[in-house]
Amino acid sequence: MGTTEHHGAADVIAEPLLPSPAVEMEPSSAPPPLPRRNMFAFICATLASMTTILMGYNLTLMSGAELFMREDVGLTDAEVEVLAGSMNVFMLASTLAAGWVADHLGRRRTLVLANAFLMAGALAMSLGTSFAALMAARFVTSLGSGLARVVAPVYNAEISPASTRGALSSMLDVFVNVGILLSYVSNYAFSGLPVHLGWRAMYAVGVVPPVFIAAGVLLVMPESPRWLAMRGRQSDARAVLLRTLDTPAEADLWLGEIKRAVADAEPPPPPAGRGAGASVSIWKQLLVRPSTNVRRILTCVLGLHFFVQASGVDAILLYSPLIFRAVGMASDSAILGATVAMGAVKSCFILVGMLFTDRLGRRPLLLASTAGVAVTATALAVTLYVGTSTTTSTSPATTAACLASVLAVVATYSVGYGSVVSAYSAEVLPLRLRAQGSSLAMAVNKLMAGVVSMTFISLADAITMPGCFFLYAAVTAAAFVFVYTRLPETKGRSLEDMEVLFHK
């Protein structure tokens with residue numbers, strides 16, 4: 001009977017949805033080797049995640065570029081603060097719209113649209129000649145960044161087998177940090193050019209990659225099986241599941257769970273081109289009349305996204321040159337070299353978190369990360385207090401201690417906060433609410449990131465720079481309590497089985 005079902009699906013798989021249906025046409029008694037199936041899911045998750053490289057690149061490129069933009073464009077401190085943090089605020093529009101766009105166009109086409117905005121934004125930034133032009137370019141970039149930041153983790157969670165979902169979902173954060181590291185490398189590499197060319201070259205580098213990423217998404221990636229099932233395309237959904245899960249039996253089991261999840265959703269998903277009414281209903285299910293389980297899930301997801309940015313990491317990523325100068329590091333090349341080291345450490349520890357999320361689970365990594373950030377941010381605050389309160393010149397030991405503290409903060413942040421939050425949020429949200437719920441969560445994330453990044457200089461003037469990091473450490477200590485008391489473990493569970501965790 002299993003063989004008959006498998007051959008029946010093969011006729012459907014011959015459609016152009018997937019480029020190589022030969023694998024699925026094998027009898028179910030002789031499925032393809034496990035590594036090959038996992039490799040296809042890995043390739044899909046990689047392509048989806050690569051869209052966020054440019055988001056990370058453009059977000060933190062300002063940390064070094066502003067040293068040259070001040071002189072070339074004539075930016076004031078207030079304009080630098082607004083320009084640096086504006087991308088997070090601008091992303092609110094695209095993050096809130098991303099769920100509807102992803103449900104309407106599909107996950108794959110939304111990622112292509114994100115790449116188009118990222119390419120246009122990078123080009124506009126490299127050509128900007130005034131504060132207003134740069135703000136407009138920042139807005140265009142934010143449209144692509146918001147779409148990518150919401151849709152990529154949703155796609156990765158929906159395409160991944162349970163055995164590797166944590167790692168594949170965390171891949172998005174790996175590529176965000178690759179983009180951050182590349183931005184610091186770009187700051188350092190182009191710092192020797194004339195002032196009017198150096199920062200423009202930094203942004204111009206980001207114009208070409210989105211073209212190749214979008215082409216890869218269109219040519220290689222299938223649509224999410226859960227989105228296909230929501231559109232009534234059950235056979236296409238099964239075809240994708242056969243390619244991305246470990247066995248045909250697992251694909252049939254998951255398809256059955258997806259069908260039940262779609263059938264339980266009220267109202268049913270709209271046909272293509274008529275999504276507005278259902279979108280309103282979804283927002284009602286999220287915000288107006290949520291069920292007890294949905295309310296508990298939203299509390300966990302929104303709380304997690306609030307705390308991950310209230311920890312103050314964007315203050316370090318965007319204003320590390322100011323932090324290093326505060327303790328006596330005067331050379332621009334030394335400062336930019338320190339930011340490269342910071343980006344390298346952040347990327348390495350993101351990989352550590354990715355490797356252990358399916359082994360240890362999401363909750364242990366989040367607990368370790370929140371505790372670690374609270375301790376290391378306190379150490380950074382103490383170091384800054386010592387370095388900025390002395391009446392004599394800052395010693396090399398204080399400078400080294402400050403750099404070590406910064407590296408420790410980004411390392412402990414990355415191992416859990418930086419690698420688990422997006423994956424966890426996409427996992428626990430119910431199927432029908434996943435795209436819109438992820439939009440809402442990312443809106444909270446970016447609102448807090450905007451608050452931190454657009455107030456750091458002013459807050460440091462008001463309560464001192466050490467005071468800022470004492471505050472961030474206290475908030476992160478509260479985050480540890482939140483994770484310990486509210487967040488259940490999700491490791492190894494199917495996406496359609498998550499709501500069981502929130503029953504009491």
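Side chains are part of it too, since the values below use all heavy atoms of this structure and drop only hydrogens, waters and symmetry mates.
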Exam field: side chain S94 to backbone M91, donor-acceptor pair closer than 3.5 Å: yes

Expected output: side-chain T370 to main-chain L367 donor-acceptor under 3.5 Å: yes

Main-chain N/O of L365 paired to S369 side chain as donor or acceptor, under 3.5 Å: no

Of all pairs that satisfy ring pair (Phe, Tyr, Trp, His ring centres under 6.0 Å), the ones with a partner from residues 306-365, not counting sequence neighbours: F307-F482, Y319-F456

Step-by-step side chain to side chain contact (heavy atoms under 4.5 Å, CB included) determination, T141 to L118: CA-CA 5 Å; T141 304; L118 288 167; 4.1 Å; yes

Test item: R107 side-chain N/O and S224 main-chain N/O as donor-acceptor pair under 3.5 Å: no

Verdict with reasoning, S186 to Y57, per side chain to side chain donor-acceptor pair (under 3.5 Å): CA-CA 9 Å; S186 179; Y57 184 85; 2.9 Å; yes

Side chain to side chain contact (heavy atoms under 4.5 Å, CB included) assessment of L61 paired with N187: CA-CA 7 Å; L61 194 62; N187 287 156; 3.4 Å; yes

Evaluation steps, side chain to side chain contact (heavy atoms under 4.5 Å, CB included), between V220 and C44: CA-CA 7 Å; V220 178; C44 293; 5.6 Å; no

Gap between atom CG of L459 and atom SG of C468 - 0.5 Å precision: 3.5 Å

Heavy atoms of other groups near Y188 OH, more than 12 under 6.0 Å: no

Listed partners of F90 passing side-chain contact (heavy atoms from CB on, under 4.5 Å), at least two apart: S86, M135, R138, F139, S142

Beyond-backbone contact of S347 with I180, side-chain heavy atoms, under 4.5 angstrom: no

Sidechain-backbone polar pair: T476 side chain, Y472 backbone, donor-acceptor under 3.5 Å: yes

Under 3.5 Å donor-acceptor, W199 side chain and E66 backbone: no

CG on L193 to CE on M202, rounded to 0.5 Å: 8.0 Å

Donor-acceptor pair, side chain of R363 and main chain of V483, under 3.5 angstrom: yes

Worked check of side chain to side chain contact (heavy atoms under 4.5 Å, CB included) between Y184 and L317: CA-CA 10 Å; Y184 295 143; L317 297 180; 3.6 Å; yes

Rounded distance [0.5 Å steps], OG1 in T244 versus CD1 in I159: 4.5 Å

Gap between atom OH of Y424 and atom CG of L429 - 0.5 Å precision: 10.5 Å

Side chain to side chain donor-acceptor pair (under 3.5 Å) partners for S425, two or more places apart: H305

Straight-line distance of L318 CG to L83 CG, nearest 0.5 Å: 10.5 Å

Whether T52 side chain and M55 backbone form a donor-acceptor pair below 3.5 Å: no

Main-chain N/O of R108 paired with E223 side-chain donor or acceptor, under 3.5 Å: yes

Donor-acceptor contact below 3.5 Å, side chain N58 vs main chain L54: yes

